[in-house]
Amino acid sequence: MAENQKNYDFTSIEKKWQEFWEREKIFRADDDSDKPKYYALDMFPYPSGAGLHIGHPEGYVASDILARYKKACGYNVLHPMGWDAFGLPAEQYAIKTGTHPSVTTKANVDNFRRQIKSIGFAIDWDREINTTDPGYYQWTQWIFLKLFQRGLAYVDEKPVWWCPNLKAVLANEEVVDGKSEVGNHPVERRNLRQVVLRITAYAEKLLEGLDELDWPDSTKRQQKAWIGRSEGAQVQFEIAGLDEELEVYTTRPDTLFGATYMVVAPEHPLLNQLTVAEKKDEVKVYVDAAAKKSDLDRTDLAKDKSGVFTGSYCLNPVNGEKVPVWVADYVLISYGTGAIMAVPAHDERDYEFAEKYQIEIRRVIAHPDRNEEKSKLPYSGPGLMVNSGKYNGMEATACKAKIIFDLETKGSGRGAINYKLRDWIFSRQRYWGEPIPLVWVSLEDFEKAKATEGILRNLLPTEPVTSDQDGTTLYALPLPAAELPLQLPKVENYQPAGTGESPLATIPDWLEIWYNLQTGESLPRTEPKPTGDRWVPATRETNTMPQWAGSCWYHLRYLDPKNGERLVDPAKETYWGGPDFYIGGAEHAVLHLLYARFWHRFLYDERVLANPEPFKKLFHQGLILGEDGNKMSKSVGNVVNPDVVIDAYGADSLRLFEMFLGPLEAVKPWSEKGIEGVHRFLKKVHRECLQTDKHLQDQESNKETLKVLHETILKVSEAIEDLRLNVAISQMMILVNQLQKVDSFSLDTIKTLLQLLAPFAPHLAEELWESLGGKPSIIFEPWPQARKELLVSDEITIVFQVNGKLRGEGQFPKDVDKDSVISAAKADTKVQTFLEGKEIVKEIYVPGKLVNLAAKG
RNA sequence: GCCCGAGUGGCGGAAUUGGUAGACGCAGCGGACUUAAAAUCCGUUGGCCGCAAGGCCGUGGGGGUUCAAGUCCCCCCUUGGGCACCA
């Protein structure tokens with residue numbers, strides 16, 4: 001019995017097999033294979049200084065189980081890992097300590113890699129990537145230049161969140177409740193020069209593409225809402241006494257007769273002309289006040305609408321009625337035309353405003369139930385048109401098209417589509433990001449560049465990209481691909497310029513260059529100007545790219561991580577396609593996943609890629625909470641460190657428990673006791689395996705064991721495919737409980753169990769597989785197939801119900817007919833007690849399952 | 001405010017298409033082994049009533065459809081997430 005007492009020494013087992021996998025390159029993905037491919041992708045981590053926390057591996061374990069399972073099923077599997085390593089924390093740390101962000105980043109990456117490796121993932125480490133690697137960001141810059149060339153990048157003054165404490169511009173998502181996410185400092189709105197990507201040009205494609213994706217519905221819905229497509233009409237209103245027209249956008253042209261006032265946004269270009277002399281002061285006070293409000297204030301004060309009458313009137317194109325024009329900040333300049341026709345009877349916001357300022361509220365859509373009493377205003381549902389001249393009596397929804405057509409005929413409107421989606425502010429005033437590979441020259445030099453034969457000329461967008469700086473207009477020229485990567489310069493001081501410019505603006509050597517208009521070559525201005533009139537003075541763009549940039553296309557680089565000639569070899573892209581499975585947090589439902597789709601779709605349109613959509617199947621793992629049910633956080637002190645868990649229970653227990661916790665997509669609390677449970681299960685497997693006197697038989701002779709085994713094969717396989725991994729583990733526990741119960745079982749049975757367990761607890765499975773005489777790696781063994789014929793027993797149990805309540809059961813041969821089951825049910829003594837004095841009114845038989853006798857009386 | 005998702009024992013959860021609610025695990029209780037402990041194993045464990053046989057109740061609450069509802073429909077409550085004057 002000595003062998004039975006051998007301990008489950010997970011520490012040495014796990015070390016042994018991790019070394020074996022690495023040495024033998026077991027998980028190398030083959031670029032040149034006849035096998036079908038399977039690409040499982042995790043959202044790659046930002047390697048923070050805090051190291052991995054217990055939430056990170058949740059998704060990784062799930063994708064790893066899938067990857068290992070698919071490999072056993074005969075697929076050529078790619079499961080890579082990399083680092084999204086640009087970002088603010090390393091830069092903040094550099095400001096504080098003077099340590100170069102690359103040093104911090106390297107240390108953090110090393111730590112993350114060590115931690116991830118300790119969990120034993122089936123990762124092809126030869127494909128590791130890092131967004132801060134010049135060999136990587138060269139291609140991030142390359143994609144940007146393509147976008148620039150196609151006119152999808154421009155420069156504009158944009159209001160952005162500015163944090164005076166961090167001296168940095170923050171993205172929307174880095175601002176939480178008016179405070180910076182990092183450090184919780186106050187932030188304010190500031191207009192700053194920004195590089196912007198024209199994602200709005202892709203609004204329609206991004207919307208359409210969603211339909212074919214196997215994504216969570218909620219994520220698709222969020223993206224749809226973010227893109228915010230609406231159909232309606234642009235309508236021109238003549239302005240009384242002015243030779244101008246006021247154009248509005250409306251989704252409800254059918255309510256035109258109910259427009260009792262108009263509103264322009266405080267920033268509207270016609271406001272000044274619209275404002276009559278005696279209203280000038282009042283309007284000015286209002287507009288100034290609105291300008292001082294941040295967007296946040298404007299939304300917060302939403303409950304209380306305000307506005308000022310301009311003194312002007314428009315003429316309603318459908319009936320010539322005079323309609324007063326107001327200015328109010330509940331109308332946004334950034335959406336539609338910045339002006340609306342207000343229909344208080346059928347729009348909540350207009351209703352509120354009209355009530356406050358006692359403007360007429362005129363119903364033009366009748367509620368379908370005709371009960372005027374009941375149909376409160378504002379009413380936005382369907383109905384028949386009233387008070388609408390010749391349109392009266394028509395169905396409002398159907399009338400939209402009719403009115404648009406009539407407006408078009410008269411030349412006072414047209415059908416229009418609008419999107420909520422805004423262009424993407426792509427620049428950050430920071431050091432630790434990809435430099436934007438543009439230079440700025442004078443108009444004169446720009447014209448010269450356009451006239452110069454050479455590569456540069458072909459890289460220019462049709463419309464020049466310009467920027468006003470210190471009163472002069474500068475023109476953007478790209479760096480050609482041969483000049484990439486444009487590397488980050490070494491700096492002494494990481495403090496931002498403080499003016500809203502990046503630290504790069506403080507390095508004259510890097511900033512000021514001689515630039516060759518033909519070749520795009522550059523030299524520091526500190527060197528003498530090379531001869532020839534093709535060399536001109538230029539300054540570099542000092543903005544860097546946002547962290548989203550590197551993550552927009554990393555899924556492609558894994559396919560060909562070391563290619564110096566191309567972003568990805570087309571042959572490899574054709575073979576691998578996109579990830580077959582992509583897993584990551586739901587917090588990226590919109591931004592990362594929308595930006596990545598934008599770039600991917602653009603590269604597809606450029607014929608760089610063969611597929612229009614990057615991520616066909618997407619899954620969001622749920623959050624793992626602390627044991628106290630709260631979100632894990634350092635300040636609460638409920639953070640669980642995977643290193644500690646692995647020390648105590650081993651990586652296999654960690655993996656198994658993260659999956660056993662509950663449904664993958666659910667938010668669920670960690671439990672120290674719970675991990676002991678799965679650890680006990682693994683110990684049991686270990687013990688049953690090494691108890692060699694218990695599995696001497698060749699063939700499985702116990703019918704029950706055989707049945708449970710094949711049930712387990714079936715359920716585990718299905719559960720992995722459906723990512724119901726907690727259920728798969730439960731089923732394996734049921735099988736092990738069975739093996740423990742019987743006196744003996746076959747070697748084959750236990751080896752099959754190990755194969756099923758291998759994706760979940762790979763180290764232990766390898767170890768036991770080897771100890772049973774199997775040749776490593778277990779992952780090369782073909783996945784077991786369930787023999788479904790074993791699952792049907794000759795005898796079946798059928799339950800008897802009376803009025804839906806369980807009253808008995810009986811054993812029957814599996815091909816029993818309905819009549820004999822029903823008579824058996826009626827003969828059951830207990831059933832009879834419940835039928836006494838009653839009349840059977842209906843007999844239900846669900847073949848092989850149950851009888852229900854409905855009785856009355 | 002609007003749009004989604006969730007609510008099942010003491011706890012995490014299972015029940016894939018309406019068909020035996022509570023699989024599996026944790027915790028609890030009782031027992032075996034042990035000098036003892038740990039480890040392991042066996043039994044038990046939704047609530048109420050009952051000596052028992054057994055009965056009744058039970059999937060957030062209320063109503064409904066059905067022979068049959070955790071599952072479908074309506075209303076409400078709680079909770080998590082998303083959006084937030086987008087005309």
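So that the names make sense, note that chain A is the first sequence line, chain B the second, and so on, each numbered from 1.
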*For C41(B), does OP1 or OP2 lie under 4.0 Å from any side-chain N or O of Gln740(A)?*
yes

*asked:* Would G12(B) be called syn or anti here, given the cut-off of 90° from 0?
replied: anti

*Quick one: label Asp347(A) by what it contacts on the DNA or RNA (base, sugar-phosphate, nothing), any heavy atom closer than 4.0 Å.*
nothing

*Give a yes/no answer on whether the side chain of Lys842(A) brings an N or O atom under 4.0 Å of OP1 or OP2 in C67(B).*
yes

*Side-chain N or O of Asn737(A) less than 4.0 angstrom from OP1 or OP2 on G25(B)?*
yes

_Need to verify one output field. Residue with the more 5' nearest nucleotide on RNA chain B, Thr251(A) or Val846(A)?_
Val846(A)

*asked:* With a 4.0 Å limit, can you tell me whether Ser230(A) has a side-chain N or O closer than that to the phosphate oxygens OP1/OP2 of A87(B)?
replied: yes

*Quick one: label Arg807(A) by what it contacts on the DNA or RNA (base, sugar-phosphate, nothing), any heavy atom closer than 4.0 Å.*
sugar-phosphate

*Strand RNA chain B in bracket notation, Watson-Crick/G-U under 3.5 Å with | for pairs to another chain*: (((((((..(((......[....))).(((((.......))))).((((....))))..(((((..]....))))))))))))....

*asked:* Counting the atoms with a prime plus P, OP1 and OP2 as sugar-phosphate, which does Ile734(A) contact under 4.0 Å by heavy atoms, base, sugar-phosphate, or nothing?
replied: sugar-phosphate

*Does Arg680(A) make a side-chain N or O approach to OP1 or OP2 of C26(B) shorter than 4.0 Å?*
yes

*Side-chain N,O (Asn726(A)) to OP1/OP2 (C24(B)) below 4.0 Å*: no

*Touch check for Asp217(A), heavy atoms < 4.0 angstrom, all strands: base, sugar-phosphate only, or nothing?*
nothing

*Tyr330(A) side chain near A87(B) phosphate (N/O to OP1/OP2, under 4.0 Å)*: no

*Can you find an N or O donor on one side and an acceptor on the other, under 3.5 Å apart, linking the side chain of Lys305(A) with the base of C85(B)?*
yes

_Salt-bridge criterion met for Arg252(A) and Asp254(A) (N-O under 4.0 Å)_ = yes

*Indicate for each nucleotide in nucleotides 46-54 of chain B, in 5' to 3' sequence, whether protein heavy atoms under 4.0 Å reach the base (B), only the sugar-phosphate (S), or nothing (-).*
---------

*Indicate, with a heavy-atom threshold strictly under 4.0 Å, whether Glu718(A) touches base, sugar-phosphate, or nothing.*
base

*Please figure out whether Ile844(A) or Lys715(A) has its closest RNA chain B nucleotide nearer the 5' end.*
Lys715(A)

*Given C85(B), is OP1 or OP2 found less than 4.0 Å from the side-chain N or O atoms of Lys420(A)?*
no

